[in-house]
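Here is the structure we will look at, set down as structure tokens.
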Amino acid sequence: MAQSKYTTHLGMVDILPDEVRKWQYLENLIRQEAHKFNFEEIRTPIMEQTELIVRGLGQLTDIVSKEIFAFSRGEDNYVLRPELTAPVVRAYVEHHLGQRGGSQKLFYIGPMFRAERPQKGRQRQFHQFGLEVLGSSDAVADAEVIAFMIHIYNKIGIKNTTLKINSIGDPESRDKYKEALKAHLKPNFDKLSDVSKKRFEKNPLRILDSKEEEDQPFIETAPVITDFLNDDSVNHYNKVKDYLSELGISFEEDPYLVRGMDYYTQTAFELISPDLGAQDALAGGGRYDLLVEEIGGQPTPAVGFAAGMERLLIACEELGIVLGDEKSVDVYIVTLGDAARKWGLAQLPKLRSNGISATMDYMGRSMKAQMKDANRENARFAIIVGENELKEGKFTFRNMTESEEESLTFDDILGKF
RNA sequence: GAGCUCGUAGCUCAGUUGGUUAGAGUGCCAGGUUGUGGCCCUGGAGGUCGGGGGUUCAAAUCCCCUCGGGCUCCCCA
């Protein structure tokens, strides 16, 4: 097929009307359920200062080192947000949201940008929804955040998921563990896969994630991070697990679960789906007790998660779950002749002001074509009007699903709704 | 950054060892029913076969280059 002259950029997709109905359904559901959990929505700009993202996520993370869309204009450096935890924390600090008292329970829905090679479940502009709880170090917050995440997927009907959790402790515990891990791997450095060799200095924890066959023997015998946690970390982790059990949420402990952003501390978790292909993480998150301070706020513990909306929609597709309704309209006015067309146009506002969705032909076509259009638009009713109806002041009111008609005044028709 | 793979009507795809004006289904438009949709019948519009170059009497088909998409590695939602 001939390619059009103008197209979206690589990895950026248009969401067309039939798809938008699913998105609206999903967004409505998220907002409604978030309110049930007493979370409030926050909306931040699409662009942030580059420095916020670099400092927040970590200079050496993949996201920052090779996946951000950044540009400068005059003195200012802009970056298209690749995630929303750091921006939400920025807003929290900038607007002193901590002063509102208690813990801040925020949720968001919106587009994110990462300059990666697209593939299934991965785009350059994609959408996430997520929660952040700022100001609580209590494991109840961890449990509620996870509970909300699971709740959304259950509500939609995506149930064959696996919740993986781990604790990566505080920075001191993690540094001790990193050294132990490197000491374990070093004697066999030459036998590691190429990617793992690269990770060895930069981010040894990531080697635990390796899917390379040659790495497996060393991963299996590697020390486990949970053995390096201090008492506070262990206590917190145990409480999280205890609360999840209390909530009836099953989970799988994965001592090799490591996440991509530097800001994580303590609890880390991911929700995995077998229906997604290579990119199998539906959602992920964790605790980030040091980020608020890192960004310039008072020391403030926090926990949150982010979920990929495209991935959620892919899972629905795979599972045959249909989100939202087909398009439809309450009334389609079918007209014959100029006088009737004029009358029809004048009735549309009356129908709409009564809460009835209504439309008519915009193309000046035959009655048959109008009926066909009414059918295509899934009109529940058609009002058919020609010279006879105008003369008598009674109009043909056709139930399109039952194929039954009656002759009614316009007021009677309004009374039918 | 790397690998694999695919580009033929709006969509899903046929197209036999290169051989006339490139097909089907579906969708779209119209007619059959000069006032009635869905089913059915008939007709129509719609394609520079992604683009450029080459080989050939002849290219959707073979060769080269190029553009675009998809999947995968890395990493992540």
Side-chain angles (χ1 to χ4, degrees), chain A residues 1-11 13 16 18 57 60-68 82-85 109-130 149 193-196 198-199 202-203 206-207 209-212 258-261 270-273 276-285 304-315 332 334-337 340 361 363 365-390 395-405:
Chain A
M1 134 198 34
Q3 286 156 16
S4 42
K5 185 174 177 183
Y6 299 112
T7 61
T8 59
H9 277 298
L10 180 70
V13 309
L16 302 178
D18 285 338
L57 310 204
L60 294 178
T61 57
D62 285 277
I63 291 178
V64 167
S65 62
K66 55 185 198 192
E67 296 171 5
I68 54 176
E83 59 96 72
L84 219 52
T85 298
I109 301 175
M112 310 296 158
F113 304 83
R114 293 182 197 173
E116 302 180 274
R117 285 300 298 261
Q119 64 190 67
K120 186 176 185 182
R122 165 182 292 163
Q123 297 167 187
R124 290 187 161 194
Q125 176 174 342
F126 62 104
H127 299 77
Q128 292 185 327
F129 68 93
M149 181 177 83
S193 64
D194 289 344
V195 277
S196 291
K198 269 187 243 166
R199 290 161 167 167
K202 188 179 128 188
N203 196 348
R206 282 251 151 245
I207 295 176
D209 257 356
S210 171
K211 292 161 194 158
E212 303 293 331
V258 177
R259 298 192 44 77
M261 273 71 87
E270 266 179 23
L271 192 67
I272 307 298
S273 163
L276 289 181
Q279 310 307 321
D280 64 352
L282 278 169
F305 82 88
M309 295 177 73
E310 281 82 359
R311 290 185 186 179
L312 191 159
L313 292 170
I314 290 170
Y332 193 113
V334 174
T335 68
L336 289 113
D361 167 63
M363 294 170 50
R365 297 196 295 186
S366 69
M367 177 173 183
K368 179 172 176 157
Q370 292 180 56
M371 289 299 294
K372 203 174 169 187
D373 198 34
N375 190 58
R376 179 172 34 222
E377 297 298 323
N378 273 320
R380 293 170 57 213
F381 299 96
I383 297 174
I384 300 167
V385 51
E387 284 177 32
N388 299 338
E389 284 85 349
L390 282 181
F395 307 91
T396 305
F397 185 63
R398 180 178 180 85
N399 182 319
M400 295 294 284
T401 48
E402 306 295 327
S403 297
E404 283 165 2
E405 293 182 357

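Each chain gets a letter, A, B and so on, in the order its sequence line appears, and its residues count up from 1. Just so it is clear, the model here is predicted, and its values are computed rather than measured.
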Atom pairs under 3.5 Å: protein N/O with N/O of nucleotides 35-42 of chain B:
unit_1, atom_1, unit_2, atom_2, d
B:G35, O6, A:N388, N, 3.4
B:G35, O6, A:N388, ND2, 2.7
B:G35, O6, A:E389, OE1, 3.3
B:G35, N1, A:E389, OE1, 2.8
B:G35, N1, A:E389, OE2, 2.9
B:G35, N2, A:E389, OE2, 2.4
B:U36, O2, A:R398, NH1, 3.4
B:U36, O2, A:E405, OE2, 3.0
B:U36, N3, A:E405, OE2, 2.5
B:U36, O4, A:E405, OE1, 3.2
B:G37, O2', A:N375, ND2, 3.4
B:G37, N7, A:R398, NH2, 2.9
B:G37, O6, A:R398, NE, 3.2
B:G37, O6, A:R398, NH2, 2.5
B:G37, O6, A:S403, OG, 2.4
B:G37, N1, A:M400, O, 2.5
B:G37, N2, A:N375, OD1, 2.9
B:G37, N2, A:M400, O, 2.8
B:G37, N3, A:N375, OD1, 3.1
B:G38, O4', A:N375, ND2, 3.2
B:G38, O6, A:S403, OG, 2.6
B:G38, N1, A:S403, OG, 2.8

Dump the pairs, protein N or O against N or O of nucleotides 3-5 of chain B, anything under 3.5 Å, distances to one decimal.
none

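Within 6.0 Å of CD in A:E387 there are 12 or fewer heavy atoms belonging to other residues, nucleotides or ligands.
The distance between atom NE2 of A:H9 and atom P of B:C67, rounded to the nearest whole Å, is 16 Å. Rounding to whole angstrom units, NE2 of residue A:H127 and C1' of B:A77 are separated by 12 Å. Rounded to an integer number of Å, the gap from A:L10 CG to B:G68 P is 9 Å. Atom CE of A:M363 and atom P of B:C29 are 7 Å apart (whole Å). We find that NZ of A:K120 is positioned 12 Å from P of B:C73, with the value rounded to whole Å. Here the P atom of nucleotide B:G70 and the CZ atom of A:R124 are 11 Å apart, to the nearest Å.
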Exercise. Toss me the dot-bracket line for RNA chain B: Watson-Crick and G-U wobble, both under 3.5 Å, 5' to 3', using | for pairs to another strand and [ ] for crossers.
Key: (((((((..((((.....[...)))).(((((.......))))).....(((((..]....))))))))))))....
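No donor-acceptor pair closer than 3.5 Å links the side chain of A:E377 to the backbone N or O of A:A379.
A:E402 pairs in a side-chain contact (heavy atoms from CB on, under 4.5 Å) with only one of the listed residues (A:E404, A:R398, A:M400), which is A:E404. Screening A:D361, A:N375, A:I384 for a side-chain contact (heavy atoms from CB on, under 4.5 Å) involving A:Y332 leaves a single residue, A:D361.
The ring-ring contact (aromatic ring centres under 6.0 Å, His included) check on A:F126 picks up nothing, with sequence neighbours excluded. Every residue two or more places apart in sequence or in another chain was checked for a salt bridge (Lys or Arg N to Asp or Glu O under 4.0 Å) with A:K372, and none qualifies. When the ring-ring contact (aromatic ring centres under 6.0 Å, His included) test is applied to A:F395, the partners found at least two apart in sequence or on another chain are A:W343.
Between A:R122 and the phosphate of B:G70, there is no side-chain N or O to OP1/OP2 separation shorter than 4.0 Å. The side chain of A:Q279 places no N or O atom within less than 4.0 Å of a non-bridging phosphate oxygen (OP1 or OP2) of B:A77.
Residue contacts for A:E116: at a heavy-atom cut-off of 4.0 Å it reaches a base atom on one of the strands shown. Using a 4.0 Å heavy-atom criterion, one finds that A:M309 contacts no nucleic acid atom at all. The residue A:G130 sits apart from the nucleic acid: no heavy atom pair falls under 4.0 Å. Using a 4.0 Å heavy-atom distance criterion, A:A283 is classed as a sugar-phosphate-only contact. The residue A:L282 sits close only to the backbone: its heavy atoms come under 4.0 Å of sugar-phosphate atoms, none of a base.
Looking at A:Q123, its side chain has no donor and acceptor atom pair within 3.5 Å of the base of B:A77.
Among all heavy-atom pairs drawn from A:R124 and A:R117, the shortest one is NH2-N, 4.4 Å. Between A:T335 and A:A340, the closest heavy-atom pair is CG2-O, 3.5 Å.
Taking the C1' atoms as reference points, B:G68 lies 44 Å from B:G32, given to the whole Å. Taking the P atoms as reference points, B:C11 lies 13 Å from B:G50, given to the whole Å.
Taking the six-membered ring for Trp and thresholds of 30 and 60 degrees, A:F129 and A:F305 have ring planes more than 60 degrees apart, a perpendicular arrangement.
For the atom pair A:L276 CG and A:R122 CZ, the distance stands at 12.5 Å (nearest 0.5 Å).
Along RNA chain B, the nucleotide nearest to A:Q119 and the one nearest to A:A306 differ in position, and the one closer to the 5' end is contacted by A:Q119.
Considering only side-chain atoms of A:R365, the nucleotide from B:C74, B:C29, B:A77 that sits closest is B:C29.
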